[in-house]
Trainee: 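Got a structure here, written out as structure tokens. Questions coming.
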Amino acid sequence: MYFCDIRARDYISSRNPRQRGHRAPRLFGRERPLHAVLGGRKAADIILWRRKEVSASILGAATAAWGLFEVAEYHFLTLVCYAAMIAMVTFFLWTNASAFLNLPVPRIPEMVLSERTTRQVILGLHMRLNWFVHKLYNIACGQDLKMFILTAVSLYIGSVFASCFSSLTLLYIVVFCTMTVPALYERYEHEVDHLVAKGAHDFRTQVSRMDSGVLRKIPRGKGATAAQRTATTNDINGWHRSQAS
């Protein structure tokens, strides 16, 4: 009974990557935690749902906007006009009724964005835009042929994918994936890394088998055939020597 319990526990630990002594390599070969990779600041907290109220508000606002403009087919200018009209009527009735009902006069809260914050946002966008243009320029100059081909293929795939959706739907998909995929990956990080590592190992195994099968069928010249025969003969002689010893 004791040995059966040990075998069952070993089987469960082999099936569950969390209970293993070794850990599967992390996704994309990263060494730092996901929170540090995303910047480790407020944006990372929001994306990973460390601040649940803000994250839920962003996802809910994006979903509501996509439902209004894409599903209900409201136009942005029409919705703005409706919202402004309702606000004006509400303030008009409230202001005129405040004298009879002894209500306080409504006041619009002032939203002041400091000059320093505005300058930091503009400088940050300027730096990121310059970095993107410089990186794209280096790739376009052909300094890295592999990166050039990968970028061209990625842009083509992106254009094909974008042609299947409207701009608003594509933007909502990006926002939805940004607010859900990293949080789900952080929660099930060990399982995902284990599955990805296993899939990559199986893929490399299949590729090596395919390459070996294809290479064997390729006709070779006399020099290659002679070299292969010499190598085979040496292997056979070495095996006989080991058997004789």
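The structure displayed is predicted, hence computed values, not measured ones.
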Trainee: With Trp66, which residues qualify under ring-ring contact (aromatic ring centres under 6.0 Å, His included), at least two apart?
Mentor: Tyr172
Trainee: Answer yes if Ile86 and Trp94 sit in the same cluster of Ile, Leu, Val, Met, Phe, Trp and Tyr residues linked by side chain heavy atoms under 4.5 Å apart, and no otherwise.
Mentor: no
Trainee: By ring-ring contact (aromatic ring centres under 6.0 Å, His included), which residues pair with Tyr82, not counting sequence neighbours?
Mentor: none
Trainee: Test question: given the 4.5 Å side-chain rule for I, L, V, M, F, W and Y, name all other residues clustered with Leu129, or answer none.
Mentor: Val133
Trainee: Let me confirm one number: the OG-CZ distance from Ser167 to Phe69, rounded to the nearest 0.5 Å.
Mentor: 14.0 Å
Trainee: Measuring only between side-chain heavy atoms, which start at C-beta, is Val37 closer than 4.5 Å to Pro33?
Mentor: no
Trainee: Say whether Tyr188 and Asp193, considering side chains only, have a donor N or O and an acceptor N or O under 3.5 Å apart.
Mentor: no
Trainee: With sequence neighbours left out, what residues match Val54 under side-chain contact (heavy atoms from CB on, under 4.5 Å)?
Mentor: Ile46, Arg51, Ile58
Trainee: Can you tell me how far apart CG (Leu38) and CD1 (Ile47) are? Round to the nearest 0.5 Å.
Mentor: 5.5 Å
Trainee: Does the Trp49 side chain pair with the main chain of Met179, one donor and one acceptor, at a distance under 3.5 Å?
Mentor: yes
Trainee: In chain order, what residues pass the salt bridge (charged side-chain N to carboxylate O under 4.0 Å, His left out) check against Arg50, with sequence neighbours excluded?
Mentor: Glu186
Trainee: With distance as the sole criterion, is a donor-acceptor pair present between the side chains of Ser166 and Thr169 under 3.5 Å?
Mentor: yes
Trainee: Applying side-chain contact (heavy atoms from CB on, under 4.5 Å), name anything that partners His201, two or more places apart in sequence or on another chain.
Mentor: Arg204, Thr205
Trainee: Who are the side-chain contact (heavy atoms from CB on, under 4.5 Å) partners of Arg128, not counting sequence neighbours?
Mentor: none
Trainee: Regarding Asn130 and His134, is there a side-chain donor-to-acceptor distance under 3.5 Å anywhere?
Mentor: no
Trainee: Check whether Leu48 and Val192 end up in the same hydrophobic cluster, where Ile, Leu, Val, Met, Phe, Trp and Tyr are linked by side-chain heavy atoms less than 4.5 Å apart.
Mentor: yes
Trainee: Is Tyr74 atom OH crowded by more than 12 heavy atoms from other residues, nucleotides or ligands, each under 6.0 Å away?
Mentor: no
Trainee: When you group the ILVMFWY residues by side-chain heavy-atom contacts below 4.5 Å and let the links chain together, are Ile149 and Met147 in the same group?
Mentor: yes
Trainee: So if you build clusters from Ile, Leu, Val, Met, Phe, Trp, Tyr with side-chain heavy-atom gaps below 4.5 Å, do Phe92 and Val89 land together?
Mentor: yes
Trainee: Report the residues that fulfil side chain to side chain donor-acceptor pair (under 3.5 Å) with His75, sequence neighbours left out, ordered by chain and then residue number.
Mentor: none
Trainee: With sequence neighbours left out, write down each residue that passes side-chain contact (heavy atoms from CB on, under 4.5 Å) with Leu195, or none if nothing qualifies.
Mentor: none
Trainee: What pairs meet the side chain to side chain donor-acceptor pair (under 3.5 Å) rule with one or both residues in residues 35-47, with sequence neighbours excluded?
Mentor: His35-Asp45
Trainee: Once side chain to side chain donor-acceptor pair (under 3.5 Å) is applied, do any residues pair with Asn96, and if so which ones, sequence neighbours excluded?
Mentor: none
Trainee: With sequence neighbours excluded, give me every ring-ring contact (aromatic ring centres under 6.0 Å, His included) pair touching residues 141-163.
Mentor: Phe161-Phe165
